[in-house]
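Here the structure comes first, spelled out in structure tokens, and everything after it is commentary.
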2 protein chains.
Amino acid sequence: MQQVANTQTMTDIFNDLRRIFQALNEQSKQAEKMTGLTGPQLWAIQTIARETSIQVSALAGKMFLHPATVVGILNRLEGRGLIVRNRTKRDRRVVEIELTEAGKAFVVSSPEVPQGKLASGLLSLSATEMDEVHRSLQCLVSILDAQDIKPAPIKAVLPKNNQRS
Amino acid sequence: MQQVANTQTMTDIFNDLRRIFQALNEQSKQAEKMTGLTGPQLWAIQTIARETSIQVSALAGKMFLHPATVVGILNRLEGRGLIVRNRTKRDRRVVEIELTEAGKAFVVSSPEVPQGKLASGLLSLSATEMDEVHRSLQCLVSILDAQDIKPAPIKAVLPKNNQRS
DNA sequence: TAATATTTATTTGTATACAAATTATTTGTG
DNA sequence: CACAAATAATTTGTATACAAATAAATATTA
């Protein structure tokens with residue numbers, strides 16, 4: 001009984017997370033319509049803005065993203081003239097990223113970027129409710145940060161991909 | 001003061017959500033290593049398995065995904081011979097999706113798919129803790145489901161994309 | 001010093017994910 | 001019946017996101 005109840009709640013939790021994920025994705029699209037930049041792009045220039053200068057791997061770290069992902073985002077921001085890349089003389093492997101004047105102006109003109117529905121919804125909660133949400137998410141984060149469990153590989157029989165006609 | 005505290009908690013919440021999404025994404029990769037299918041692909045065949053037969057738009061609905069996204073996932077599953085598509089005679093616009101024998105065997109051979117770290121972590125929580133998590137996520141979902149707020153467009157000045165060299 | 005290993009960023013390839021446009025079909029209206 | 005509107009799936013184009021391979025530079029070790 002207990003087991004069944006827990007399993008059901010767990011399924012609900014998975015679905016909740018999916019819904020939240022979809023919704024945040026939508027917000028990114030909405031942000032794009034309003035500002036011309038996607039959520040991750042805005043997040044990136046705001047993170048850069050707080051540092052005056054930062055290297056790619058450090059930026060990836062602050063954004064919890066893979067460097068390869070950040071490179072793509074930087075390409076688009078550079079294409080729009082909002083950032084510049086400079087290889088340092090000290091160590092020619094590292095690339096320092098800086099905002100251009102246009103980039104700085106952009107950050108100022110969309111201050112903190114209204115994160116949309118979620119932000120305003122959260123701010124309307126009482127401090128108690130907000131803390132409960134925070135605590136619950138922290139709980140999930142700590143579960144996910146926990147040591148790898150490495151369940152035994154199941155590896156069902158699976159035909160190779162034949163391509164579609 | 002209150003405002004500052006709330007804003008800080010809100011930032012924390014955003015970061016928590018990002019961490020959770022990254023971690024779930026990783027789990028999808030891990031699931032792929034174990035079963036040969038990605039998280040969304042597993043999710044899809046399991047959803048199909050519960051219905052014996054389902055059309056594309058209905059599947060998209062159940063998965064909270066855009067039909068275009070589901071088409072891509074179905075192409076890959078079809079390429080592996082796990083599903084088949086059939087246009088119905090009744091209405092030749094609709095496509096019915098079914099599992100092949102291989103697909104059914106696959107679903108059975110990885111029953112419910114161990115969702116990994118998050119699942120086992122959640123199951124180790126007390127019922128009370130788990131309910132708190134559930135309630136909090138529901139709170140976020142209902143915020144995000146709420147009527148569109150449509151904040152005034154900010155539309156900062158933004159140069160066109162010049163392409164990268 | 002020469003060979004090896006490591007580090008930093010980028011490229012390549014694959015898989016989501018969505019909007020907008022398209023195709024084929026069906027339904028509704030004049 | 002014919003033409004318009006609506007519907008279902010797909011295609012096209014763009015943007016994440018990551019792993020694995022690569023390139024270039026630096027550090028380490030023999």
Side-chain angles (χ1 to χ4, degrees), chain A residues 18-33 36-44 54-61 63-80 83 85-97 160-161 163-165, chain B residues 18-33 36-44 54-61 63-80 83 85-97 160-161 163-165:
Chain A
R18 288 186 186 120
R19 300 286 293 284
I20 292 169
F21 187 41
Q22 308 300 334
L24 289 178
N25 222 321
E26 265 172 49
Q27 288 203 19
S28 171
K29 305 285 161 120
Q30 215 186 29
E32 186 171 6
K33 275 185 200 127
L37 295 185
T38 63
Q41 289 168 15
L42 286 168
W43 182 19
I54 189 173
Q55 63 190 68
V56 176
S57 50
L59 179 58
M63 293 176 75
F64 306 103
L65 291 178
H66 197 285
T69 305
V70 172
V71 165
I73 294 171
L74 291 177
N75 287 346
R76 286 177 281 276
L77 291 174
E78 193 182 37
R80 287 182 182 279
I83 62 150
R85 285 193 246 223
N86 274 304
R87 300 211 97 98
T88 61
K89 290 207 185 86
R90 187 176 44 75
D91 182 340
R92 300 180 46 69
R93 287 170 304 183
V94 337
V95 166
E96 288 283 350
I97 306 151
K160 283 267 174 258
N161 189 334
Q163 228 54 275
R164 244 203 122 202
S165 51
Chain B
R18 285 181 187 125
R19 301 284 293 283
I20 292 169
F21 294 145
Q22 309 299 330
L24 289 179
N25 223 320
E26 265 171 49
Q27 290 205 14
S28 172
K29 306 284 162 118
Q30 216 186 24
E32 186 172 6
K33 275 184 201 130
L37 295 185
T38 63
Q41 288 168 16
L42 286 169
W43 181 19
I54 189 173
Q55 63 190 68
V56 177
S57 51
L59 180 59
M63 295 177 72
F64 307 104
L65 291 177
H66 197 284
T69 303
V70 172
V71 165
I73 294 171
L74 291 177
N75 287 346
R76 286 177 281 276
L77 290 175
E78 193 182 36
R80 287 183 182 277
I83 62 151
R85 287 192 246 222
N86 274 306
R87 301 210 95 99
T88 62
K89 289 206 184 88
R90 188 176 46 72
D91 182 340
R92 301 182 45 70
R93 288 170 304 183
V94 337
V95 166
E96 289 283 349
I97 305 152
K160 282 268 175 255
N161 189 334
Q163 229 55 274
R164 245 206 120 199
S165 50

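Worth saying up front: this structure is predicted, and the values here are computed from it rather than measured. Heavy-atom basis, side chains included; hydrogens, waters and symmetry copies ignored. Every chain is numbered from 1, with letters handed out A, B, ... down the list of sequences.
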Quick one: closest heavy-atom pair of [X] and [Y], and the distance?
X     : Y     : value
A/L77 : A/A44 : CD1-CB, 4.0 Å
B/R85 : B/E78 : NH2-OE1, 3.3 Å
A/R80 : A/L37 : CD-CD2, 3.7 Å
B/H66 : B/A60 : C-CB, 4.2 Å
B/K89 : B/R92 : O-CG, 4.0 Å

Per [X] side chain, nearest of listed nucleotides [options]:
X     : options               : result
A/R92 : D/dA9, D/dA25, D/dC18 : D/dA25
A/R76 : D/dA19, D/dT16, C/dA9 : D/dT16
B/V94 : C/dA9, D/dA8, D/dA15  : D/dA8

Expressed as a whole number of angstroms, how long is the span from [X]:[atom1] to [N]:[atom2]?
X     : N      : atom1 : atom2 : value
B/K89 : C/dT26 : NZ    : P     : 13 Å
B/Q55 : C/dT25 : CD    : P     : 16 Å
A/M63 : D/dC18 : CE    : P     : 10 Å
B/I83 : D/dA9  : CD1   : P     : 13 Å
B/L65 : C/dA19 : CG    : P     : 11 Å
B/E32 : D/dA17 : CD    : C1'   : 13 Å
A/H66 : C/dT10 : NE2   : P     : 13 Å
A/I73 : D/dT14 : CD1   : P     : 17 Å

Check your understanding: Closest nucleotide of DNA chain D for B/S57 versus for A/G39: which of these residues is on the 5' side?
Key ->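 The residue closer to the strand's 5' end, by nearest nucleotide, is B/S57.
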
Point to revise | Given DNA chain C, 5'-ward residue of the pair B/P40 and B/D91, judged by closest heavy atom | key: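 Checking each residue's closest nucleotide, the 5'-ward one belongs to B/P40.
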
Can you tabulate the close N/O pairs, meaning under 3.5 Å, that link protein atoms to atoms of nucleotides 2-7 of chain C?
{"residue": "C/dT7", "atom": "O2", "partner": "A/R93", "partner atom": "NH1", "Å": "2.8"}

Review point. For the atom pair CG (B/L74) and CD (B/Q41), what is the distance rounded to the nearest 0.5 Å?
Key: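 Output value for this atom pair is 10.0 Å.
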
Practice item. Would you classify A/T69 as touching base, sugar-phosphate or nothing, given that sugar-phosphate means primed atoms plus P, OP1 and OP2, and contacts are heavy atoms under 4.0 Å? Key: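 Here A/T69 touches the bases of the nucleic acid.
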
Review point. Under 4.0 Å: is that the gap between some side-chain N or O of A/T38 and OP1 or OP2 of D/dT16?
Key: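 Yes, A/T38 has a side-chain N/O under 4.0 Å of OP1/OP2 on D/dT16.
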
Point to revise | Short side-chain N/O contact from B/R87 to OP1 or OP2 of D/dA8, under 4.0 Å | key: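 Checking D/dA8 against B/R87, no side-chain N or O comes under 4.0 Å of OP1 or OP2.
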
Check your understanding: Can you tell me if A/R87 uses its side chain to pair, donor with acceptor, with the backbone of A/R93 under 3.5 Å?
Key ->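 Yes; at least one donor-acceptor contact below 3.5 Å.
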
